[in-house]
Structures are given as C-alpha cells and as structure tokens.
Amino acid sequence: MPELPEVETIRRQLQKKIVGRVIGGRKVIGLRRRAKILIIDFENGASLIFHLKLTGQLIFNGKPSQYTRKVFIFDDGSKLIFNDARKFGWWKEVKETKKIEKGFGPEPLEIDLETFKNLLIKRPNAKIKPLLMDQKFIAGIGNIYSDEILYAAKVHPSRRAKTLKDKEIEQIFQNIRKILDEAIKYQGSSVEYYVDACGKKGNFVKYHKVYQKEGQKCSRCGAIIKKLKIGGRSAHFCPNCQK
DNA sequence: GACAATGTTACAGT
DNA sequence: CACTGTAACATTGT
C-alpha cells in the first residue's frame with residue numbers, strides 16, 4: 001500500500017540510480033513525486049508517471065516474476081521492473097505534467113499550520129479520517145498513515161472538522177509531519193506487497209500503533225484497539241485515547 | 001465463491 | 001454550486 005512515504009522512498013532511491021541513464025534515446029534528468037504519483041522526467045520534456053495503487057512495485061535491476069507487468073530497459077542494460085499483483089497500478093508517458101501537479105491538494109510536508117487550519121475551515125462537516133485521505137484535500141496520505149496520525153494526535157477518526165479544537169488541529173498538523181517523516185526515515189511500511197526500489201521491505205510497520213492492530217492493547221493506555229468502517233474504509237483507533 | 005484490500009470516480013442527496 | 005456520503009470499479013489471494 002504505497003502512500004507518500006513509500007513513493008518518496010522509491011523516488012529518492014531511483015534518483016540516485018537512474019538519473020543520467022537513457023531509455024529509448026531519452027535521458028532521465030530527475031524524479032519527482034506528487035501525492036502518490038512518481039514522475040520520471042526526461043531531458044526532452046516528456047515524463048513517465050506511475051501510480052502503484054495497492055500492490056505495485058518498482059524495483060531497479062530486480063528479477064522479473066509472475067507479477068511483472070513491464071520492464072523498462074536502459075541503454076546500459078540496467079532495468080526498472082514494474083510488478084503489480086492486483087493490476088490496479090498503472091504507468092503512462094506524458095508530454096507535460098501540469099495536470100498532474102494541479103489535480104491534488106497541497107503536499108502535507110510543504111504546508112504550515114495556518115494553511116492546514118484554512119483547509120479544514122472549507123470542509124466543516126467532513127469526518128477527519130476520510131478528509132486526511134482525500135487527495136484533493138491533502139495529497140499523499142492513505143489508510144495506514146491517517147490511522148497512525150490520528151492515534152498520535154489523540155483524535156477519533158469520526159470527528160468532524162468543525163468540532164476540532166485548536167489544540168487538536170495543531171496535534172494533527174504536527175503529527176502529519178512527524179509520522180510521515182519517520183516513515184520515510186524507515187523506508188516506508190511493508191504491510192503486504194510493498195518493497196522499495198532495491199526490493200527491500202520498509203521497516204515502519206514496527207512502529208505502527210493502531211493500523212491492523214484490532215484486538216490488541218493500546219501501547220499508551222492498554223485499552224483494546226478497535227476497527228470501524230468510516231467512509232467505506234477500515235479505521236483503527238484506541239477508543240480510550242482518541243476522543 | 002464470497003470477501004477484503006484501496007485509490008479514484010460517478011452519482012445521489014442535502 | 002458546494003459539500004458529504006455511498007457505491008462501484010479495477011483484480012486476485014485467502
């Protein structure tokens with residue numbers, strides 16, 4: 001389940017490995033990320049863009065498997081392997097990326113508290129968990145990190161934006177930074193299929209406090225972690241700590 | 001064979 | 001029109 005930290009991990013690794021290499025006459029000049037989209041920029045202005053969705057993997061010089069959907073071969077013989085067991089992921093080549101850049105809400109690691117507060121004012125009745133996952137509201141956060149952020153902030157996932165106190169909004173804002181930064185530091189979360197560009201699993205699952213921990217004890221208070229469907233998605237939280 | 005996984009989108013409702 | 005909620009869709013392993 002690649003979300004912002006996983007895609008960012010892959011971006012940073014591929015940046016080191018493929019910049020300067022050439023695919024079909026086009027030289028790679030850099031890699032960017034927007035929301036959960038990975039963008040490979042070529043010298044001629046075109047870009048290759050990827051969305052890994054549930055089970056996508058991008059592995060540099062990996063071995064093809066039964067789930068390999070595409071192999072990009074560089075002119076020095078090195079390879080970029082795109083695997084995707086569930087086939088929800090996609091890639092395409094585009095002449096320009098303006099549409100992609102503008103189609104999402106702000107990047108969570110690039111906004112300040114004021115901006116975040118102003119965003120929330122526009123969506124007073126939305127529940128906070130689906131809101132954090134809404135890519136048009138804020139980009140790059142999915143189910144894992146919305147659960148972990150709200151646990152760290154001690155806010156119940158069903159709370160509506162307009163009921164949040166200033167202190168709680170600050171906590172959510174600060175923990176968006178903290179959790180995403182830490183997850184990037186640990187190369188992301190490998191829940192099922194995710195591996196980084198080296199084919200290695202991310203280590204952040206060790207630090208998950210609530211995601212997929214239904215029935216286990218809360219590490220803060222010992223209460224039993226619960227799971228609820230909110231906005232059609234599973235939400236994991238501590239019914240005691242998160243009000 | 002039903003179900004769950006999740007990001008995205010279409011559409012219904014307020 | 002703006003916002004919110006729900007369902008459907010892509011596919012496959014369990």
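The sequence lines fix the lettering, A, B, ..., with proteins before strands; numbering per chain opens at 1.
- For A:Lys185 and A:Glu182, the salt-bridge test fails: no basic side-chain N is under 4.0 Å from an acidic carboxylate O.
- The phosphate of B:dT8 has OP1 or OP2 within less than 4.0 Å of a side-chain N or O from A:His51.
- Partners of A:Ala183 according to the side chain to side chain contact (heavy atoms under 4.5 Å, CB included) rule, which considers only residues two or more places apart in sequence or in another chain, are A:Pro5, A:Tyr145, A:Phe204.
- At whole-Å resolution of the value, CD1 in A:Ile100 and P in B:dT8 are 12 Å apart.
- No side-chain N or O of A:Gln187 forms a donor-acceptor pair with one of A:Asn203 less than 3.5 Å apart.
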Could you list all N or O pairs between the protein and nucleotides 5-9 of chain C that sit under 3.5 Å apart?
{"residue": "C:dG5", "atom": "OP1", "partner": "A:Arg160", "partner atom": "NH1", "Å": "2.7"}
{"residue": "C:dG5", "atom": "OP1", "partner": "A:Arg160", "partner atom": "NH2", "Å": "3.2"}

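- Below the 3.5 angstrom threshold, one finds no donor paired with an acceptor across the side chain of A:Arg86 and the base of C:dA10.
- Of the N and O atoms on the side chains of A:Asn118 and A:Thr115, not one donor lies less than 3.5 Å from an acceptor on the other residue.
- Going from atom OH of A:Tyr194 over to atom C1' of B:dA5 covers 18 Å, rounded to whole Å.
- A cation-pi geometry, defined here as NZ or CZ lying under 6.0 Å from the six-membered ring centre and within 45° of its normal, does not hold between A:Arg69 and A:Phe82.
- Per the geometry, CD belonging to A:Glu6 stands 14 Å off C1' belonging to B:dG7, to the nearest Å.
- Two residues, A:Tyr193 and A:Lys122, neighbour DNA chain C, and the one matched to the more 5' nucleotide by heavy-atom proximity is A:Lys122.
- Protein atom CZ of A:Arg69 is 16 Å distant from nucleotide atom P of C:dA10, rounded to whole Å.
- Among the atoms of the strands shown, none is found under 4.0 Å from any heavy atom of A:Lys129.
- Heavy atoms of A:Ser234 sit under 4.0 angstrom from primed sugar atoms or phosphate atoms, though from no base atom.
- Within 4.0 Å (heavy atoms only), A:Tyr145 reaches no atom of the nucleic acid at all.
- Side chains of A:Asn83 and A:Lys70: no donor on one and acceptor on the other come within 3.5 Å.
- If you measure from atom CG of A:Asp84 to atom P of C:dG13, you get 11 Å, rounded to the nearest angstrom.
- One atom, CZ of A:Phe88, and another, C1' of C:dT11, lie 4 Å apart when rounded to the nearest Å.
- Each of A:Gln212 and A:Trp90 was assigned the nucleotide of DNA chain B with the nearest heavy atom; the assignment lying further toward the 5' end belongs to A:Gln212.
- Comment: A:Arg34 engages A:Glu107 in a salt bridge, judged by a side-chain N to carboxylate O separation of less than 4.0 angstrom.
- For A:Tyr211, no side-chain nitrogen or oxygen approaches OP1 or OP2 of B:dA5 to under 4.0 Å.
- At whole-Å resolution of the value, NE2 in A:His236 and P in B:dA4 are 13 Å apart.
- In this structure, CG of A:Leu52 is placed 16 Å from C1' of B:dA5, rounded to the nearest angstrom.
- Contact check, A:Lys53 against B:dT8: no side-chain N or O comes under 4.0 Å of OP1 or OP2.
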